[in-house]
Amino acid sequence: MTAADIDTTVGAGTTAGSVTLVGAGPGDAGLLTVRGLRALQEAEVIVADRLGARAVLAQLADDGVRIDAEVVDVGKLPGHHPVPQDGINELLVSLAHEGRRVVRLKGGDPFVFGRGREEQLFCEAAGIPVEVIPGVTSAVAVPGLAGIPLTQRGVAETFTVASAHDQIEALGGGRDHTVVLLMGVNTLGHSAHVLAAGARGADCPVAIIEDGFGARERVTVGTLETIAHLAAARQVRSPAVVVIGDVVALSPYAGITPS
């Protein structure tokens with residue numbers, strides 16, 4: 001079923017249900033919280049994203065976990081948003097006004113580049129109670145797959161998570177300040193050039209982890225000077241997490257020449 005099949009008109013005299021924002025994590029059902037799983041099992045309808053969320057639902061089904069809720073797919077592809085954010089907001093309110101228990105299942109954590117707070121405020125403004133169940137963000141979990149700690153004593157004491165759509169020029173600090181870029185594949189060349197021109201330098205280590213916890217999981221390691229060329233040669237694709245800083249050198253992949 002798609003969101004287009006549901007009437008988003010809120011009728012008068014209806015009884016409000018509830019909305020629960022659940023973070024699905026980076027796409028591995030084992031990283032879904034126990035509280036999040038309970039919410040899914042108690043839901044009457046699940047409004048699900050594409051990245052992370054649908055993969056988790058599929059894995060739960062494969063594992064024999066019973067979830068009886070109707071699933072509404074509002075998944076977004078890069079550059080293609082079949083259900084705009086305003087439509088998702090209205091859909092959540094409409095379903096809740098039907099008296100239904102709604103779970104909004106979002107990849108990663110709802111409040112990390114997930115627009116979860118926007119959805120929460122919209123629902124609350126319509127009188128719908130909202131619970132938030134955090135999820136494991138890919139910004140932290142996916143680098144861990146490649147053996148990359150975002151902080152390490154004597155190497156890096158702080159880190160910044162940024163969308164590649166943000167102003168990369170405003171990211172200060174040196175190689176001891178780890179930068180994690182989400183949605184950064186398409187603008188990787190520009191980001192690398194800008195960060196190399198600062199205190200980090202062209203030889204600052206960089207890692208790209210593609211499809212973390214997915215079937216295409218792959219790690220590419222280079223430097224700010226070489227990473228764009230390596231990514232092009234290896235045809236790196238989204239979804240991917242980019243990590244920049246000296247912590248990358250701690251990864252077991254750091255000494256491997258990408259083929």
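This is a predicted model, so every value here is computed, not measured. Basis for what follows: all heavy atoms, side chains included, without hydrogens, waters or symmetry-related copies.
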Peer 1: Inspect the contact between Glu119 and Arg104 and indicate whether a charged nitrogen and a carboxylate oxygen are less than 4.0 angstrom apart.
Peer 2: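 Yes, Arg104 and Glu119 are salt-bridged.
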Peer 1: As a test of understanding, state which of Leu32, Thr33, Leu40, Leu21 forms a side chain to side chain contact (heavy atoms under 4.5 Å, CB included) with Ile133.
Peer 2: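 For Ile133, the side chain to side chain contact (heavy atoms under 4.5 Å, CB included) test succeeds with only one of Leu32, Thr33, Leu40, Leu21, which is Thr33.
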Peer 1: Is there a side-chain contact between Thr160 and Val180 (heavy atoms, below 4.5 Å)?
Peer 2: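 No, too far: nothing below the 4.5 Å cut-off.
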Peer 1: Identify, with sequence neighbours excluded, every residue that meets side chain to side chain contact (heavy atoms under 4.5 Å, CB included) alongside Ala228.
Peer 2: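 Ala228 satisfies side chain to side chain contact (heavy atoms under 4.5 Å, CB included) with no other residue.
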Peer 1: Please answer whether the main-chain N or O of Arg216 pairs with a side-chain N or O of Asp211 as donor and acceptor at a distance below 3.5 Å.
Peer 2: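 Side chain of Asp211 to backbone of Arg216, a donor-acceptor pair under 3.5 Å: yes, one is there.
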Peer 1: How many angstroms lie between OG1 in Thr223 and CG in Leu230, if you round to the nearest 0.5 Å?
Peer 2: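 The distance works out to 7.5 Å.
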Peer 1: Do Val72 and Val45 touch side chain to side chain, with heavy atoms closer than 4.5 Å?
Peer 2: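 Yes. Closest side-chain heavy atoms under 4.5 Å.
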Peer 1: For a 4.5 angstrom cut-off between non-hydrogen side-chain atoms, does Val241 reach Ile208?
Peer 2: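 A side-chain contact under 4.5 Å is absent here.
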Peer 1: Sequence neighbours left out, what passes salt bridge (charged side-chain N to carboxylate O under 4.0 Å, His left out) with Arg54? Give chain and number order.
Peer 2: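 Once residues adjacent in sequence are excluded, the partners of Arg54 under the salt bridge (charged side-chain N to carboxylate O under 4.0 Å, His left out) criterion are Asp73.
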Peer 1: Check Thr151 against Thr158 and note the closest heavy-atom contact, atom names and distance.
Peer 2: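 That would be CG2-N, 4.1 Å.
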Peer 1: Leu250 and Gln152: side-chain contact (heavy atoms from CB on, under 4.5 Å), yes or no, with the steps?
Peer 2: CA-CA 9 Å; Leu250 301 174; Gln152 174 80 2; 3.7 Å; yes
Peer 1: In Å, rounded to the nearest 0.5 Å, how long is the span from OG of Ser138 to CG of Leu182?
Peer 2: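 That separation rounds to 5.0 Å.
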Peer 1: Please step through side-chain contact (heavy atoms from CB on, under 4.5 Å) for the pair Asp176 and Glu157, ending with a clear verdict.
Peer 2: CA-CA 7 Å; Asp176 59 345; Glu157 299 298 329; over 6 Å; no
Peer 1: Do other residues, nucleotides or ligands put more than 12 heavy atoms under 6.0 Å from Glu44 CD?
Peer 2: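 Yes, enclosed.
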Peer 1: Do other residues, nucleotides or ligands put more than 12 heavy atoms under 6.0 Å from the CZ atom of Phe122?
Peer 2: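 Count over threshold, so yes.
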Peer 1: Measure the CG-CG distance between Leu31 and Asp28 for me, rounded to the nearest 0.5 Å.
Peer 2: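 The CG atom of Leu31 sits 4.5 Å away from the CG atom of Asp28.
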Peer 1: Do Thr187 side-chain atoms and His190 backbone N/O form a donor-acceptor pair below 3.5 Å?
Peer 2: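 Side chain of Thr187 to backbone of His190: no pair is present.
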Peer 1: Taking only residues two or more places apart in sequence or in another chain, which ones pass side chain to side chain donor-acceptor pair (under 3.5 Å) with Arg117?
Peer 2: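 With neighbours one apart ignored, the set is Gln120.
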Peer 1: Can you find a pair of side-chain heavy atoms, one from Ile227 and one from Leu188, that are under 4.5 Å apart?
Peer 2: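 When only atoms from C-beta onward are counted, Leu188 and Ile227 do touch, with a gap below 4.5 Å.
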Peer 1: Can you tell me how far CD1 of Ile244 sits from SG of Cys204, rounded to the nearest 0.5 angstrom?
Peer 2: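 Taking SG in Cys204 and CD1 in Ile244, the distance rounds to 7.0 Å.
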Peer 1: Looking only at heavy atoms, what is the nearest atom pair of Ala96 and Val102, with distance?
Peer 2: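 Shortest heavy-atom contact: N-CG2, 3.9 Å.
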Peer 1: Please list all pairs meeting side chain to side chain donor-acceptor pair (under 3.5 Å) that have one or both residues in residues 193-205, counting only residues at least two apart or in different chains.
Peer 2: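 Counting only pairs at least two positions apart or across chains, the side chain to side chain donor-acceptor pair (under 3.5 Å) contacts touching residues 193-205 are Arg175-Asp203.
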Peer 1: Of all residues at least two apart in sequence or in a different chain, which pass the salt bridge (charged side-chain N to carboxylate O under 4.0 Å, His left out) check with Arg35?
Peer 2: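 Counting only residues at least two positions away or on another chain, Arg35 forms a salt bridge (charged side-chain N to carboxylate O under 4.0 Å, His left out) with Glu131.
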Peer 1: How about Val142 and Thr137: do any of their side-chain heavy atoms sit closer than 4.5 Å?
Peer 2: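 Side-chain contact under 4.5 Å: no.
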Peer 1: Please report the C-alpha distance between Leu92 and Val47 in whole Å, then the side-chain angles of each, then the deciding distance to 0.1 Å, and finally whether the side-chain contact (heavy atoms from CB on, under 4.5 Å) criterion is met.
Peer 2: CA-CA 8 Å; Leu92 295 173; Val47 179; 3.9 Å; yes
Peer 1: Taking Gly114's backbone N and O only, do any of them form a donor-acceptor pair with Lys106's side chain (distance below 3.5 Å, no angle check)?
Peer 2: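 Yes, because the side chain of Lys106 sits within donor-acceptor range (under 3.5 Å) of the backbone of Gly114.
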Peer 1: For Ala24 and Gly107, which heavy atoms make the closest approach, and how far apart are they?
Peer 2: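 Heavy-atom minimum between the residues: CB-CA, 4.3 Å.
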Peer 1: Residues two or more places apart in sequence or in another chain: which of them pass side chain to side chain contact (heavy atoms under 4.5 Å, CB included) with His229?
Peer 2: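 For His229, no residue satisfies side chain to side chain contact (heavy atoms under 4.5 Å, CB included) once neighbours in sequence are set aside.
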Peer 1: Check salt bridge (charged side-chain N to carboxylate O under 4.0 Å, His left out) between Arg66 and all other residues, then give those that pass, not counting sequence neighbours.
Peer 2: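 Salt bridge (charged side-chain N to carboxylate O under 4.0 Å, His left out) check on Arg66 returns Asp68.
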Peer 1: Taking distance alone, no hydrogens or angles, what donor-acceptor pairs closer than 3.5 Å link side-chain atoms of residues 56-63 to residues at least two apart or in another chain?
Peer 2:
unit_1	atom_1	unit_2	atom_2	d
Gln59	OE1	Ala29	N	2.7
Gln59	NE2	Gly27	O	2.6

Peer 1: With a 4.5 Å limit on heavy-atom distance, are the side chains of Pro205 and Val221 in contact?
Peer 2: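 Heavy-atom side-chain distance check fails, nothing below 4.5 Å.
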Peer 1: Who passes side chain to side chain contact (heavy atoms under 4.5 Å, CB included) against Pro134, sequence neighbours left out?
Peer 2: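 For Pro134 the side chain to side chain contact (heavy atoms under 4.5 Å, CB included) partners, ignoring immediate neighbours, are Asp109.
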Peer 1: Quick one: list whatever passes side chain to side chain contact (heavy atoms under 4.5 Å, CB included) with Ala146, sequence neighbours left out.
Peer 2: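 Applying side chain to side chain contact (heavy atoms under 4.5 Å, CB included) to Ala146 gives Ile148, Ile209, Val219, Ser251, Tyr253.
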Peer 1: Please report the C-alpha distance between Leu181 and Val179 in whole Å, then the side-chain angles of each, then the deciding distance to 0.1 Å, and finally whether the side-chain contact (heavy atoms from CB on, under 4.5 Å) criterion is met.
Peer 2: CA-CA 6 Å; Leu181 294 180; Val179 173; 3.9 Å; yes
Peer 1: Taking Leu121 as the starting point, is it possible to reach Phe113 by hopping between hydrophobic residues whose side chains are less than 4.5 Å apart?
Peer 2: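 Result: no, two separate clusters.
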Peer 1: Can you check whether Leu150's main-chain N or O pairs, donor with acceptor, with Thr178's side chain at less than 3.5 Å?
Peer 2: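 Flag set: sc Thr178 to bb Leu150 pair under 3.5 Å.
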Peer 1: Between Val19 and Pro129, is any pair of side-chain heavy atoms under 4.5 Å apart?
Peer 2: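 A side-chain contact is absent here, since even the closest heavy-atom pair is not under 4.5 Å.
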Peer 1: Using salt bridge (charged side-chain N to carboxylate O under 4.0 Å, His left out) as the criterion, list what pairs up with Glu118, not counting sequence neighbours.
Peer 2: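 Applying salt bridge (charged side-chain N to carboxylate O under 4.0 Å, His left out) to Glu118 gives Arg115.
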Peer 1: Can you list the residues that meet the side chain to side chain donor-acceptor pair (under 3.5 Å) rule with Glu217, with sequence neighbours excluded?
Peer 2: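 Counting only residues at least two positions away or on another chain, Glu217 forms no side chain to side chain donor-acceptor pair (under 3.5 Å).
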Peer 1: I need the Glu169 CD to Ser191 OG distance, nearest 0.5 Å.
Peer 2: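 OG of Ser191 is found 8.5 Å from CD of Glu169.
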Peer 1: If you look at every heavy atom in Ala249 and Ala254, which pair is closest and at what distance?
Peer 2: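 Where Ala249 meets Ala254 most closely, the heavy atoms are O-CB, 3.8 Å.
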Peer 1: Hey, does the side chain of Arg218 reach the backbone of Arg234 with a donor-acceptor pair shorter than 3.5 angstrom?
Peer 2: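 Checking the backbone N and O of Arg234 against the side chain of Arg218, a donor-acceptor pair under 3.5 Å is found.
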Peer 1: Do you know the tightest heavy-atom contact between Ala39 and Val103?
Peer 2: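 Shortest heavy-atom contact: O-CG2, 3.5 Å.
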Peer 1: About how many Å separate OG of Ser163 and CE of Met183, when rounded to the nearest 0.5 Å?
Peer 2: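 Output value for this atom pair is 3.5 Å.
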Peer 1: Does a side-chain heavy-atom distance below 4.5 Å link Leu145 with Phe213?
Peer 2: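 Yes; the side chains approach each other to less than 4.5 Å.
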